[in-house]
Amino acid sequence: GGCIWDWVDQGMLEHTKDGKKYWTYGGDYGGAGTPSDGIFCINGLVYPDRSVKPATEEMRKVYQNVRFVNFDPIKATVDVYNDFAFTNLNKYDFTYTIKGNGEKIYEGLFSVDVEPYQTKTVMLKNLPSSAPSSVDYQIVFEAKNRDTVPFIPVGYVIAHDQMAINTYQKEKAAFITPAKITEDANLIMASGKDFSVIVDKASGLLVSYEYKGKEYILSQYGPRPSFWRAPTDNDFGFKNFSVLKEWKKISEQLPVVKGINIDESNGTISCVYAYSKPFVEWKITYKVFDNGAVKVDNDIVTGNADFPFIPRVGLRMQLPVEFSQLTYYGRGPWENYSDRKTSCFIDKYSCKVSDLYEDYIRPQENGYRTDVRFAEFTNDSGQGVRFEAVNMPFCFNARYNADEDMDPGLTKKQQHPVDVDSRGELYVNIDYGQKGLGGNNSWGAQPLEKYRLKDKTYEYLYVIRPVENRK
């Protein structure tokens, strides 16, 4: 198991009556009272059929024996360190690829002769400016196998790293006329050319976002605060539910509106949601523009004396199920979390929403993406909605299930993916973040301090805007 735990999940293949396959684990056999250790033997780095997990890829990245360090974009140099005990790096091919906002602009080659535990500085060519820019320049270094060796094909990447060349700086937006705001006894409406936004006064929720006759909010389920995630195996290991269950309770409640403010002069609608246990005040401000864009500004104040940290800080909503195509700029291609993302490089990725789902043997939190600049959800005609970060990258989930479907409650239940049917509803979380996954052990250790959400205040902003003809 790579000096981590078991190499392979110790599950057994079974099928449902209608032929769907699933993996069993402790508790699936024998009558009531049969001794078992539950999910504990599903603790491998690969699945029972030896297919890899996101954790497998993270292990591969962390364990690599070639390091690219001390990258200097001004001097155009990088140090290559050989962490092998007996192998010279002259047997590998080295490449570097430069991308701007996910588009390749240059690919270079170099070779090195580096003995074990030695370092060599390499000069690079054609690096763009390191000055702050609205183009996010990233460089990826790779070491590839040159010759055929047992189990490793020619061209296989044995080591890779990504570094930022510059600091991304969002362009200043040109002035856009605010939307016109009207209200009646129950609703606040903001409208412009071809679109309208509606906020319900009783709940403070955005219940409609319509563009060119198309409703982008499903079943009036607009953005609402979310502090909970479906517990992972590690979450149960450190008694996550018993310690943090109050965050779950308030996530399942409709927000209580403390106050609503309208400023017609700049097209803003502000709502303050108040929670007493745990204490939270969440101010959400919608600034609506007459081109259909909506800036969402979230200011959150918490009082966590009795609650050590928050599982999640974010907003959950439903989008039309037909928005099944996804393009995003952030970390990928597999799921990633604050404490498990070094193997996931920042790039532009396109996939189906269903491809985000990681089919763990026991259903739980999965499929997260971090450090995201934008995410677009579209239908087959290229019509849809774009979420665009403003002050900092956001994180997101998107799947056809609610968190509740994968949350067994106080204890792990005998669940499998075949027990969790799609709701036929597309749930999307646009988050400040989640706590880390942890894993220093699975029977009490919490995520490291730096991967917990322990602050008293949070702020994050993003823009929602309609998109068309994305094909």
Side-chain angles (χ1 to χ4, degrees), residues 1-13 21-25 40-69 78-97 104 107-120 122 139-163 233 331-337 339-347 349 351 355-361 366-367 437 439 442:
C3 298
I4 300 171
W5 209 243
D6 289 358
W7 169 243
V8 59
D9 285 342
Q10 298 172 54
M12 300 181 69
L13 182 63
K21 78 171 189 177
Y22 66 98
W23 300 104
T24 60
Y25 53 89
F40 194 75
C41 286
I42 303 297
N43 55 9
L45 288 168
V46 296
Y47 289 111
D49 61 0
R50 277 59 175 177
S51 57
V52 301
K53 304 178 182 181
T56 323
E57 292 289 355
E58 187 74 1
M59 180 198 69
R60 181 166 81 99
K61 171 66 171 64
V62 171
Y63 277 15
Q64 67 188 28
N65 286 317
V66 181
R67 311 285 177 186
F68 303 92
V69 297
V78 68
D79 291 345
V80 182
Y81 173 69
N82 183 356
D83 203 26
F84 283 107
F86 305 103
T87 302
N88 191 302
L89 296 187
N90 58 17
K91 66 180 292 185
Y92 301 109
D93 292 325
F94 289 82
T95 65
Y96 61 99
T97 303
K104 185 193 292 187
E107 186 171 32
L109 306 171
F110 64 87
S111 59
V112 292
D113 189 327
V114 186
E115 295 290 343
Y117 306 127
Q118 301 299 308
T119 301
K120 182 173 182 179
V122 175
I139 186 168
V140 171
F141 299 97
E142 293 182 326
K144 301 177 182 179
N145 195 49
R146 182 185 301 149
D147 302 314
T148 300
V149 296
F151 311 113
I152 305 177
V154 172
Y156 182 81
V157 176
I158 65 142
H160 57 166
D161 272 305
Q162 183 183 52
M163 288 90 167
D233 291 335
R331 290 195 181 272
W334 41 83
E335 70 169 26
N336 47 92
Y337 294 80
D339 56 354
R340 200 185 71 197
K341 64 181 183 179
T342 66
S343 64
C344 295
F345 291 171
I346 294 172
D347 207 340
Y349 299 96
C351 63
D355 294 335
L356 298 177
Y357 190 83
E358 184 64 29
D359 209 11
Y360 288 111
I361 290 176
N366 72 86
L437 297 173
S442 59

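Residues Tyr349 and Gly332 approach most closely at OH-O, 3.0 Å, considering heavy atoms. The heavy-atom pair separating Val69 from Met163 by the smallest distance is N-CE, 4.3 Å. Looking at every heavy atom in both residues, Gln64 comes nearest to Ile158 through CB-O, 3.7 Å. When every heavy atom of Tyr47 is checked against every heavy atom of Lys53, the shortest pair comes out as CE1-CG, 3.4 Å. Closest approach of Asp49 and Lys21 over heavy atoms only: OD2-NZ, 4.3 Å.
Note: Asn336 CG to Glu58 CD = 8.5 Å, rounded to the nearest 0.5 Å. Here the CG-CZ distance, from Asn65 to Phe86, works out to 11.5 Å after rounding to the nearest 0.5 Å. For the atom pair CD1 of Ile152 and CG of Asn145, the computed distance is 5.5 Å after rounding to the nearest 0.5 Å. To the nearest 0.5 angstrom, Ile361 atom CD1 is 12.0 Å from Tyr22 atom OH.
Tyr337 is not listed as a side-chain neighbour of Pro54, based on a closest heavy-atom distance of 4.5 Å or more. Residues Gln162 and Asp347 have side chains not in contact (no heavy-atom distance under 4.5 Å, counting atoms from C-beta outward). Contact of the Leu45 side chain with the Trp5 side chain is not registered, since no non-hydrogen atoms from C-beta on lie closer than 4.5 Å. Contact annotation: the side chain of Asp161 approaches that of Lys61 to within less than 4.5 Å [non-hydrogen atoms, C-beta and beyond]. Residues Phe141 and Val122 fail the side-chain proximity criterion, which asks for heavy atoms closer than 4.5 Å. Contact of the Tyr81 side chain with the Phe68 side chain is not registered, since no non-hydrogen atoms from C-beta on lie closer than 4.5 Å. With a 4.5 Å cut-off on side-chain heavy atoms, Trp334 and Cys344 count as touching. With contacts defined as side-chain heavy-atom distances shorter than 4.5 Å, the pair Tyr96/Val140 does not qualify.
Of the possible donor and acceptor atoms, none in the side chain of Glu142 sits under 3.5 Å from a partner among the backbone N and O of Thr95. A donor-acceptor contact shorter than 3.5 Å links the side chain of Arg146 to the backbone of Asn90. Counting only distance, with no hydrogens or angles, the side chain of Asn366 and the backbone of Glu358 share a donor-acceptor pair below 3.5 Å. Side-chain atoms of Tyr92 do not come within 3.5 Å of backbone N or O of Ala143 as any donor-acceptor pair. Asp9 places a side-chain N or O within donor-acceptor distance of the main-chain N or O of Asn43, the cut-off being under 3.5 Å. The main-chain N or O of Pro48 is found under 3.5 Å from a side-chain atom of Arg50 such that the two form a donor-acceptor pair.
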(request) With side chain to side chain donor-acceptor pair (under 3.5 Å) as the test, would you mind laying out the steps for Asn88 and Asn82 before giving the verdict? (result) CA-CA 8 Å; Asn88 191 302; Asn82 183 356; 5.6 Å; no
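Residues passing the ring-ring contact (aromatic ring centres under 6.0 Å, His included) test with Phe110 are Phe94, sequence neighbours excluded.
Using a cut-off of 4.0 Å between Lys/Arg side-chain N and Asp/Glu carboxylate O, Glu57 and Arg60 are scored as salt-bridged. A salt bridge links Arg340 and Glu335; the closest N-O separation between the charged side-chain nitrogens and carboxylate oxygens is under 4.0 Å. Between Lys144 and Asp93 there is no salt bridge, since no side-chain nitrogen of the basic residue lies less than 4.0 Å from a carboxylate oxygen of the acidic one.
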